Amino acid sequence: GKTRPMEYRVAQLEALGRFLDDKKQQIMDATASDLGKAPFETELSEILMCKNELHETLSNLSRWMKDEKVDRILAVQLDSAFIPFIRKDPYGVVLIIAPWNYPIHLFLVPLIGAIAAGNCAIIKPSEVSKKTETLVAEALPSYLDKDCFAVVTGGVQETTRLLENKFDYIFFTGSPPVGRIVMTAAAKHLTPVTLELGGKNPCYVSDTCDVTNVARRVAWGRFFNAGQTCIAPDYLLCTLEMQEKLLPALQKAINDFYGPNPRESPDFGRIVSDKQFQLLCSGRVAIGGQTDEAERYIAPTVLVDVQPSDAVMQEEIFGPILPIIIITNMDEAIDFINSRERPLAIYAFSSDDKVVNRVLERTSSGGFCGNDTMMHVTLPSLPFGGIGNSGLGTHHGKFSFDTFSHARGCLKRGMGQEPLNAPRYPPYSQRKFGIIQAALKTARVSDCTLL
Ligand SMILES: *[C@@H]1O[C@H](CO)[C@@H](O)[C@H](O)[C@H]1NC(C)=O
Ligand SMILES: CC(=O)N[C@H]1CO[C@H](CO)[C@@H](O)[C@@H]1O
């Protein structure tokens with residue numbers, strides 16, 4: 001019961017804010033060491049976005065925690081002391097497993113929701129982002145109540161052992177294959193899960209659009225954090241004519257962002273694993289393509305003549321590599337998207353609103369953004385989460401609070417007026433059923449507003 005009072009939750013959330021303030025420089029240093037992340041990108045994605053979540057949560061927590069009143073249609077027929085409500089109960093002990101690509105953000109944002117909803121939590125940061133893992137393990141516990149929050153470090157072996165335990169909720173961010181392992185472990189204890197998985201996010205560029213702006217928005221989304229973002233536009237779908245216009249515009253955007261040699265840019269990151277180097281064998285390099293394995297550097301790269309069967313079109317890319325797939329029109333782009341697993345995000349660029357709306361209506365994905373990339377996840381007012389292969393469940397803002405709360409349906413009644421209950425008791429009769437039916441019936445009401 002220790003984590004239930006609002007004052008306790010607020011104190012822990014405020015301590016998370018102090019952690020971000022006090023350790024800002026160490027966070028910048030650790031993510032720079034792990035991922036070569038530019039200070040600007042760290043400050044935006046790891047600090048500012050977490051603080052926004054904190055402020056959104058702290059500003060609304062008292063309202064979110066309140067019992068939710070619901071309709072009491074039957075009240076009049078039964079007795080006046082008939083009070084239905086939804087109590088927002090914590091689940092209990094939550095396990096949060098985070099990945100390496102945004103090593104602060106991706107454990108902290110779910111943790112904000114878990115604390116806000118009154119849970120205890122075990123946090124498992126990624127062992128791949130080593131410096132950040134060490135920082136979190138050493139510094140975070142001194143900010144939080146050690147009775148209720150713990151950081152566990154380690155790799156596959158430790159995570160496997162952790163998952164043998166019975167948790168009340170598991171929140172996992174990572175790849176679809178590991179998501180299956182987590183969900184299987186959770187099934188053993190019937191533990192509910194949220195899975196934030198990845199996916200190959202298509203980006204459709206129609207023939208009518210402002211090519212310069214599209215190129216800048218796509219390049220920013222693809223090359224931010226050196227392409228290691230679960231919501232990055234993973235590949236482009238456009239006609240051959242559009243590709244010919246986009247290539248110089250993308251080249252210019254890359255040059256404007258990172259200079260003639262992106263390797264020397266302080267704003268361009270490094271990648272975490274070797275696997276991505278092999279993806280450069282797909283198609284033909286139209287822009288970039290330079291690598292330095294010792295430095296884990298891959299230049300911002302655009303691949304053309306890519307076939308759907310190429311290696312780069314199989315799993316999520318997670319590197320600064322943008323393949324272009326040629327289609328002949330919008331219908332073909334939509335068919336291509338729908339023939340694959342449902343992604344975490346779909347992007348569509350067009351000067352024609354109808355085109356953007358068609359892509360939105362005829363496809364399915366975790367989220368959607370028209371005429372831009374990635375910006376939809378910066379809003380705590382929007383749910384963030386996948387569908388199908390890209391995950392299940394949502395978080396951010398109020399959606400985090402709801403994810404980590406059990407909606408407990410409750411009814412409180414008075415103990416008097418017993419004669420009103422008589423019709424429901426045996427011995428049964430048709431007359432009694434008639435009374436019950438009249439009292440309990442829910443009539444269908446037309447919701448048709450188009451007349
Ligand atoms: C996309 O941008 C174009 C150009 O600004 C605009 O005309 C169009 O309405 C936008 N579409 C959406 C869905 O916002
Ligand atoms: C989801 C929600 O209720 N958000 C509110 C949180 O508080 C701010 C400030 O009062 C509001 O603007 C949000 O709408």
Side-chain angles (χ1 to χ4, degrees), residues 6 9-10 13-14 16-17 48-70 85-88 109-118 194 201-221 231 233 236-239 242 245-246 249-250 253 329-331 333-334 337 343 345-385 393-405 407:
M6 184 167 107
R9 305 182 196 189
V10 168
L13 291 171
E14 285 174 343
L16 286 183
L48 180 67
M49 281 178 71
C50 291
K51 294 209 105 174
N52 284 350
E53 279 284 330
L54 267 176
H55 296 155
E56 167 81 2
T57 304
L58 285 164
S59 321
N60 295 288
L61 188 57
S62 62
R63 266 191 303 272
W64 294 348
M65 281 177 66
K66 277 210 183 81
D67 288 345
E68 193 179 316
K69 293 202 181 77
V70 294
F85 60 94
I86 304 170
R87 168 71 44 100
K88 310 298 169 65
V109 171
L111 180 61
I112 291 167
I115 294 175
T194 292
N201 307 313
C203 179
Y204 171 62
V205 182
S206 88
D207 278 333
T208 57
C209 59
D210 181 330
V211 176
T212 306
N213 289 354
V214 173
R216 291 169 73 85
R217 292 173 189 198
V218 168
W220 176 73
I231 48 154
L236 290 187
L237 289 164
C238 65
T239 60
M242 182 40 73
K245 289 186 215 159
L246 269 172
L250 283 165
N329 54 43
M330 179 189 71
D331 288 327
I334 290 172
I337 294 170
I346 291 178
Y347 302 109
F349 286 89
S350 178
S351 314
D352 185 352
D353 244 14
K354 285 200 210 78
V355 170
V356 174
N357 285 332
R358 283 309 281 271
V359 177
L360 173 59
E361 271 160 28
R362 290 175 50 197
T363 59
S364 170
S365 61
F368 181 89
C369 182
N371 283 343
D372 205 347
T373 62
M374 307 214 294
M375 289 306 291
H376 60 300
V377 304
T378 61
L379 300 166
S381 50
L382 289 179
F384 175 60
T394 58
H395 76 307
H396 283 190
K398 170 82 157 51
F399 301 95
S400 295
F401 179 85
D402 289 341
T403 282
F404 288 110
S405 297

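Whatever order the structure lists them in is the order used to number ligands and atoms, beginning at 1. Atom set for the values below is all heavy atoms of this structure, side chains included, hydrogens, waters and symmetry mates excluded. Please read all numbers here as calculations on a predicted model, not as lab measurements.
Taking distance alone, with nitrogen or oxygen atoms compared against 3.5 Å, S351 approaches ligand 1 more closely than that limit. Residue N60 has at least one N or O atom closer than 3.5 Å to an N or O atom of ligand 2.
Counting only heavy atoms of the protein, atom 10 (O) of ligand 2 lies nearest to R63 NH2, 4.0 Å. Closest protein heavy atom to atom 4 (N) of ligand 2: E56 OE2, 3.1 Å. Counting only heavy atoms of the protein, atom 9 (O) of ligand 1 lies nearest to D353 OD1, 2.8 Å.
Heavy-atom contacts of N371 reach the following atoms of ligand 1: 1 (C), 2 (O), 3 (C), 8 (C), 10 (C), 11 (N), 12 (C), 14 (O) (cutoff under 4.0 Å).
Atom 9 (C) of ligand 2 has its nearest heavy-atom neighbour, among G397, S381, S59, in S59.
The side-chain heavy atoms of F349 and N213, taken from C-beta on, include no pair separated by under 4.5 Å. The closest side-chain heavy-atom distance from S400 to I112 is not below 4.5 Å. In this structure, the side chains of V109 and M49 stay at 4.5 Å or more apart for every pair of heavy atoms.
Distance check on atom 7 (O) of ligand 2: some protein heavy atom falls below the 4.0 Å cut-off. Atom 5 (O) of ligand 1 is never approached by the protein to below 4.0 angstrom, counting heavy atoms only.
Heavy atoms from other residues, nucleotides or ligands lying under 6.0 Å from CZ of R362 number more than 12. Other residues, nucleotides and ligands contribute only 12 or fewer heavy atoms inside 6.0 Å of the CZ atom of R358.
Between Y347 and H376, the two ring planes are perpendicular [angle over 60°; tilted spans 30° to 60°].
When heavy-atom distances to ligand 1 are checked against a 4.0 Å cut-off, C209 has no atom that comes that close, whether in backbone or side chain.
A donor-acceptor pair shorter than 3.5 Å can be found between the side chains of D207 and T239.
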